[in-house]
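Shown next, in structure tokens, is the structure this report addresses.
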Amino acid sequence: MCRIRAFEGQSERAYRSGLAGGYLHVYNGMEATAIGWLSSIQPGDPVITAYRDHGHALYLGCDALECMAEIMGRATGLSKGKGGSMHLYSKEHNFYGGWGIVGGHTALGVGLAFGTKYRGGNEVTHCFLGDGAANAGVLYEVMNMASLWDLPVIFIIENNEFAMGTRLEYHAADPELHKRAEGFNMEHERIDGMDVLQVRKHAKRIIEKVRKTHRPYFLEIMNYRFAGHGAADNDQSLYRTPEEVERAKQRDPILLLGKHLTENGIASEAELEAIQREAEEEMEAVYEAAAAQPKPEPDAVYADVYTDMEPERGH
Amino acid sequence: MPTLTYREALRQSIVEEIERDEDVFLIGEDIGRYQGTFRVTQGLFERFKQKRVLDTPISEPGIVGIATGAAMMGLRPIVEMMTMSFSILALDQIINHAAKVHYMSGGQFSVPMVIRGPGGAANQLSAQHSHSLEGWYAHVPGLKVVAPSTPADVYGMLKTSVRDDNPVIFTENPGLYGIKGEIPEDTNYLVPFGQAAVRHEGTDISLIGYSRMAHVCMEVAEALDQEGVSAEVIDVRSLVPLDTETIFGSVRKTHRAVVVYEDWRNGGYGAEIVARIQESCFDDLDAPVGRVGGLNVPMPYARNLELLCIPNKDDALAVARATLG
Ligand SMILES: Cc1ncc(C[n+]2csc(CCOP(=O)(O)OP(=O)(O)O)c2C)c(N)n1
Ligand SMILES: [Mg+2]
């Protein structure tokens with residue numbers, strides 16, 4: 001969690017300094033969800049998410065330097081500088097992205113589970129999405145098919161209570177999003193996403209069940225985003241108060257885990273500080289190293305449009 | 001005449017249309033409480049309340065479908081697409097439903113709806129957020145398509161769009177929101193569709209573009225001017241209907257033409273303009289019609305690659321010089 005938090009500090013720095021552009025969405029406050037969940041998956045399980053993807057990529061084992069290089073649009077980035085912050089992908093880590101069109105990737109998630117079933121595999125697909133994405137129509141088409149065809153996919157709504165500047169209560173007819181699975185004959189529940197150990201416990205139980213039954217599952221994890229929607233979101237007063245953010249920060253996942261560790265004598269304050277410092281130093285070095293990476297060669301613009309040919313060149 | 005930014009001119013036009021006609025309302029994502037992602041609708045929610053400025057969930061097909069149904073009953077929705085790239089989700093509603101019902105119902109129903117939002121590349125928004133889709137829409141019978149490039153045009157064309165009884169695709173460009181210009185003091189200032197604007201008169205070559213590329217054409221004209229070449233710049237501004245009279249008239253005068261568009265080069269709307277010119281002005285041409293479009297690749301994230309993709313002055317100037325021979 002400290003590594004992800006520190007990474008995000010550096011990615012915001014990259015944005016501020018102009019080394020990163022476009023849309024950049026940090027994961028601050030939501031770390032316990034990706035970590036609690038992904039620490040419970042099996043190697044080979046496909047993972048897919050939207051554009052708030054740095055935390056998932058890092059925890060799945062993607063190299064922090066390659067992630068940062070991608071965010072800075074460098075040739076050595078995870079996606080060779082073609083995708084940027086929103087479009088991290090790593091085939092090596094079964095990380096299927098990294099998607100910018102809200103809700104669109106949920107269909108792909110079900111497709112991944114379809115692939116598993118077709119091949120007779122035992123993998124479970126973990127499909128993360130936002131509370132805002134839960135309003136995309138395509139989600140309901142694929143939930144129906146996932147249930148109809150017994151596809152091993154877990155939809156994990158990361159409900160951080162906002163879709164950009166729109167609060168949950170203004171975008172959802174019933175703010176308990178998990179209930180929407182009812183009509184699809186799919187098991188569903190809502191859990192707290194700020195306590196990483198709790199998330200992990202639930203994850204183990206649910207993933208085990210899905211792996212056994214091959215039935216889809218619809219989970220809503222309640223977390224909170226501490227930062228703005230994206231790096232360009234410069235007026236949060238339009239949708240929330242500083243007090244609300246402060247209140248949420250009292251349940252900062254890093255803080256909660258730290259408390260647990262110290263109160264149970266597992267780690268000392270000093271050790272926790274050392275972990276934090278180490279993470280910060282690591283990511284500072286990552287920032288510097290990424291900033292020194294080469295930009296893509298102009299010719300790269302034509303690469304990877306097709307697998308086997310180039311598009312017609314020129315204007 | 002007041003000087004406003006493109007964004008302000010657009011907002012003022014919307015405000016005046018809301019005030020003029022109580023059937024006009026806005027619908028879209030984050031347009032109300034959040035003031036609009038590109039701040040076009042800033043202040044409108046407070047002023048006109050929820051009835052006229054409706055925040056929606058992220059449900060583009062639903063939004064456009066609801067607006068279409070409401071329009072069939074006579075309301076006049078202005079739909080904001082946060083970016084035109086998201087209108088791809090609503091293509092079925094736009095193309096299969098909104099664009100067709102007037103024809104399919106033998107003229108009984110019409111859809112007085114405007115779908116507006118930024119189209120084209122902004123700054124490193126990469127492949128899923130940078131589309132120029134006006135060519136797709138211009139392909140569909142039943143849709144009108146406009147792409148204003150100046151504050152005065154965005155002001156006058158929005159009004160024309162709202163008052164039009166057909167679905168209108170109104171594409172802005174994120175690069176234009178900040179540009180300034182004078183707008184007329186006339187709440188009924190209507191820029192008619194199907195009238196191109198001659199931005200710069202010339203005799204040696206016609207440079208034809210719309211939206212941001214109209215400005216690129218102006219830059220090229222200035223550069224050519226330094227070389228003693230007199231270029232005429234035509235801002236198409238209305239794609240459907242298209243003002244072929246002005247375009248052909250210019251080409252018949254200059255005998256050379258270059259068409260510039262930001263969309264992918266292959267099959268973009270510029271290709272249509274090129275085809276029309278050669279169909280109707282073949283004997284007037286002293287050289288093949290030049291064409292400059294965006295590179296045929298998904299928009300890359302890295303800034304240096306992105307800049308390669310979007311046609312700029314130098315790209316267009318090179319083609320103009322080749323066309324001049
Ligand atoms: C189809 C589509 N519509 C609109 C957008 C613009 N947009 C990007 S993120 C976002 C909010 C999504 O909220 P949520 O799903 O809750 O994810 P979070 O940002 O909270 O992680 C919106 C409206 C988009 N990317 N795609
Ligand atoms: Mg959210």
Side-chain angles (χ1 to χ4, degrees), chain A residues 18 20-24 51 70-75 77 79-87 99-104 130-138 163-167 170-173 229 232-233 235 238-239 295-305 310-315, chain B residues 29-37 39 42 45 50 55-62 65 82 85-86 88-90 122-130 260-261 264-266 290-312 314-316 318-319:
Chain A
Y23 291 142
L24 184 126
Y51 46 82
E70 186 59 37
I71 290 168
M72 293 186 184
R74 304 307 165 116
S79 309
K80 301 182 191 157
K82 295 283 184 62
S85 158
M86 297 192 288
H87 305 300
W99 295 88
I101 300 300
V102 167
D131 50 295
N135 295 318
V138 68
M164 206 174 258
T166 300
R167 298 187 74 95
Y170 294 131
H171 76 66
H229 167 71
D233 175 10
D235 193 359
L238 293 171
Y239 58 88
K295 292 186 178 158
E297 294 293 329
D299 240 27
V301 78
Y302 296 111
D304 297 324
V305 178
E310 252 193 14
E312 205 182 308
R313 289 189 165 226
H315 288 287
Chain B
E29 295 160 11
D30 284 306
I31 61 169
R33 297 173 182 87
Y34 194 57
Q35 314 293 314
T37 314
R39 296 292 183 260
Q42 191 157 39
F45 182 80
Q50 193 153 313
D55 275 326
T56 68
I58 308 169
S59 309
E60 288 81 3
M82 194 181 278
S85 291
F86 308 144
I88 294 175
L89 280 80
N123 200 329
Q124 290 194 268
L125 303 188
S126 61
Q128 294 191 304
H129 287 78
S130 303
V260 189
Y261 55 108
W264 291 304
R265 188 174 194 276
N266 277 3
R291 174 156 74 115
V292 187
L295 294 192
N296 291 311
V297 304
M299 192 58 76
Y301 167 76
R303 185 64 175 158
N304 65 325
L305 298 187
E306 181 181 48
L307 287 173
L308 288 179
C309 293
I310 309 165
N312 61 25
D314 294 333
D315 301 322
V319 174

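Just so it is clear, the structure is predicted and the values come from calculations on it, not from any experiment. Letters A, B, ... mirror the listed sequences (proteins, then strands); counts begin at 1.
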task = Determine whether more than 12 heavy atoms belonging to other residues, nucleotides or ligands lie under 6.0 Å from atom CD of E297(A).
result = no
Separation between CZ (R33(B)) and OH (Y170(A)), nearest 0.5 Å, reads 4.5 Å
Bottom line for A75(A): the part with an atom under 4.5 Å from chain B's heavy atoms is neither
Next on the checklist: I want to check something: taking the side chain as every heavy atom from C-beta on, are Y34(B) and D233(A) in contact at a cut-off of under 4.5 Å?
Outcome noted: yes
For P298(B) and V305(A) the tightest heavy-atom approach is CD-CG2, 3.9 Å
With heavy-atom distances below 4.5 Å as the criterion, would you say the side chains of V319(B) and H315(A) are in contact?
no
Check your understanding: Hey, does Y301(B) have a side-chain heavy atom less than 4.5 Å from the side chain of H87(A)?
Key -> no
Applying a strict 4.5 Å limit to non-hydrogen atoms, the region of R265(B) in contact with chain A is side chain
Of G32(B), P61(B), S126(B), the largest count of non-hydrogen pairs under 4.5 angstrom with chain A goes to S126(B)
Cut-off 4.5 Å, heavy atoms of chain A, and the answer for L89(B) is side chain
When the 4.5 angstrom heavy-atom criterion is applied to I31(B) and chain A, the contacting part is neither
In terms of heavy-atom contacts, C309(B) and V301(A) come closest through SG-CG2, 3.6 Å
Checked G100(A), P311(A), A163(A), A300(A) vs chain B; the most non-hydrogen pairs under 4.5 Å come from G100(A)
Highest number of heavy-atom pairs under 4.5 Å with chain A among N123(B), D55(B), T37(B), T56(B) belongs to N123(B)
When rounded to the nearest 0.5 Å, the distance separating CE of M164(A) from CD of E29(B) is 8.5 Å
Residue from L295(B), V297(B), V260(B) scoring the most non-hydrogen pairs under 4.5 Å with chain A is L295(B)
Taken in chain and number order and not counting sequence neighbours, the residues that satisfy salt bridge (charged side-chain N to carboxylate O under 4.0 Å, His left out) with D299(A) are R313(A)
Residue from K82(A), M72(A), K80(A), H171(A) scoring the most non-hydrogen pairs under 4.5 Å with chain B is K82(A)
Across all chains, not counting sequence neighbours, the side-chain contact (heavy atoms from CB on, under 4.5 Å) partners of N304(B) are K295(A), P296(A), A302(B)
- If we only count heavy atoms from C-beta on, is the V102(A) to F86(B) side-chain gap below 4.5 Å? no
Would you say the side-chain atoms of N135(A) and S59(B) include a donor-acceptor pair closer than 3.5 Å? no
Practice problem: Return yes if a side-chain donor-acceptor contact under 3.5 Å exists between Y239(A) and D30(B), otherwise no. | Solution: no
* M86(A) side chain near Q128(B) side chain, heavy-atom distance below 4.5 Å -> no
From the list P298(A), A133(A), G137(A), the residue making the most non-hydrogen contacts under 4.5 Å with chain B is P298(A)
